[in-house]
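Below is one structure, written out as structure tokens; comments come after it.
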Amino acid sequence: NMEILSTEGGDNPVGVDYVLRHIAVNKKRIVMVGADRAKGILLAGQPGGGKTLTGKAIGRLTGVTVAVLEIDKVLGRYVGQSEQQIANVLAVLRALAPVILLIDEFQRLFATGSEHDGGTMSRVTAMILNFLQECTDPVYVVATVNNPRSMGMELFYTICRSERFDACFHVDVPSQTARAVMLEGWLKGKIGDPAGAAADLAGRSDRFAGSDLRNVVKRAAADAEYAGEALSLERLREGIERQRMKALGTYDEFAELRRWARLVCEPAGPSDEEETGTSVSGSTPAGSRQPVSKEVAP
């Protein structure tokens, strides 16, 4: 029901400075036993924003084993099967500790459906929530959420504001600075001036998720290779325009999640407004608040 990930190699996520600082501050507490241990973080945001990459990087930054919970393999169709499998997973996690548990699409553990009728999901929910709050073993949970409505907004608010997680971060689309860093990394060795091309493309890709940008680079590189040409800035610009409708459509689709996250989450990293220090009106923007946790605040 779980996959153990290698913590060797890999890139650190870009644009989630506040999350990485939170991990650095709590590094010792992540492997601590007892009530004062670090419990975990919840990462909310649209798909393709780097939530999973961030979760995987935490294992490398802390040197702790990362286990990925495969939700589809845990929730069974038969009476008592889900509860037993959840109990087995929790027992294995305690045996593996210290361990980082990455749960992608955390909301799916709490979703209701005909296959989970008869009180099964309420019992599973109680087991998970009790574990998150009461476990004293060093099991650090990194949970990602992209659709809190499916788990019920009351439960989402409760989890974000309770002692079950140390902090909840909103992983929004990357700022222009973060986009430039991502693009430069992907363009190195593929184009003559990766820094200049990255800066140009970053300025043209407002509201693009990291996955959108990665797709632009991969597709443009493949097209150039097929045509027997060197990758050019013009081809990359064309790729940005081709991806724009999908990127902006996805951004708009998660407007409600973005609104909810601003109410109960801290920003995962600086926004464009924070990096420039101004909003459209020239004043400090409301959305650029610093993290409220003492452990995260600079």
Side-chain angles (χ1 to χ4, degrees), residues 10-17 19 43-57 104-105 144-147 149-150 169-262 267-276 279-280 285 287:
D11 297 326
N12 287 335
V14 176
V16 289
D17 306 44
V19 175
L43 304 176
Q46 71 178 60
K51 301 185 300 300
T52 303
L53 176 63
T54 300
K56 292 178 179 178
D104 250 341
E105 299 188 45
T144 74
V145 174
N146 57 40
N147 183 17
R149 178 174 289 281
S150 67
F169 292 97
H170 177 211
V171 184
D172 207 347
V173 293
S175 66
Q176 183 169 336
T177 298
R179 295 196 300 273
V181 172
M182 292 177 184
L183 286 161
E184 183 176 357
W186 294 327
L187 290 172
K188 283 182 178 178
K190 294 183 173 67
I191 197 168
D193 179 15
D200 180 278
L201 299 171
R204 299 171 182 268
S205 53
D206 183 44
R207 300 186 180 183
F208 277 49
S211 59
D212 294 317
L213 298 172
R214 180 63 169 159
N215 184 61
V216 167
V217 173
K218 290 175 66 176
R219 187 170 178 181
D223 288 345
E225 182 179 5
Y226 180 77
E229 302 172 356
L231 179 61
S232 66
L233 179 57
E234 185 58 36
R235 190 180 291 275
L236 288 162
R237 287 173 175 171
E238 292 172 358
I240 290 288
E241 293 309 314
R242 186 167 53 229
Q243 189 76 12
R244 186 175 304 282
M245 184 173 294
K246 175 183 178 297
L248 298 186
T250 302
Y251 183 90
D252 292 342
E253 184 70 21
F254 287 87
E256 191 172 12
L257 167 62
R258 195 166 282 106
R259 180 178 62 82
W260 291 332
R262 286 178 181 143
S271 63
D272 283 319
E273 290 83 0
E274 284 179 89
E275 290 173 348
T276 60
S279 65
V280 175

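Positions are given from 1, in the same order as the sequence printed here.
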| said: Please check this pair: side chain of Arg258 against backbone of Tyr251, looking for a donor-acceptor N/O pair closer than 3.5 Å. | reply: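 Yes, Arg258 side chain to Tyr251 backbone: donor-acceptor pair under 3.5 Å.
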
Is there a donor-acceptor pair closer than 3.5 Å between any side-chain N or O of Arg179 and the backbone N or O of Pro174?
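Pair found, side chain donor or acceptor close to backbone of Pro174.
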
I need the [X] [atom1] to [Y] [atom2] distance, nearest 0.5 Å.
| X | Y | atom1 | atom2 | value |
| --- | --- | --- | --- | --- |
| Asp104 | Leu43 | CG | CG | 9.5 Å |
| Lys218 | Ser211 | NZ | OG | 10.5 Å |
| Leu183 | Arg214 | CG | CZ | 10.0 Å |

Kindly indicate whether the side chain of Ile240, heavy atoms from C-beta on, has any atom under 4.5 Å from the side chain of Leu213. yes

Original post:
Heavy-atom distance under 4.5 Å between the side chains of Val173 and Asp212, does that happen here?
Top reply: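 Val173 vs Asp212: side chains apart.
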
- Message: Walk me through whether Thr54 and Phe169 qualify under side-chain contact (heavy atoms from CB on, under 4.5 Å).
- Response: CA-CA 11 Å; Thr54 300; Phe169 292 97; over 6 Å; no

Exercise. Side chain to side chain contact (heavy atoms under 4.5 Å, CB included) with Arg237: which residues, sequence neighbours excluded?
Worked result: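 For Arg237 the side chain to side chain contact (heavy atoms under 4.5 Å, CB included) partners, ignoring immediate neighbours, are Asp200, Leu201, Arg204, Leu233, Glu234.
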
Measure across Gly45 and His170 and return the closest heavy-atom pair with its distance rounded to 0.1 Å.
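Reported closest heavy-atom pair: CA-CD2, 4.2 Å.
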
- Answer yes if the side chains of Gln176 and Asp272 hold a donor-acceptor pair under 3.5 Å, and no otherwise.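 Not at all, the side chains of Gln176 and Asp272 share no donor-acceptor pair under 3.5 Å.
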
Margin query: Under the side-chain hydrogen bond (donor to acceptor under 3.5 Å, both in side chains) definition, can you give me all pairs with a residue in residues 222-231, not counting sequence neighbours?
Written below: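 Qualifying pairs: Glu229-Arg235.
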
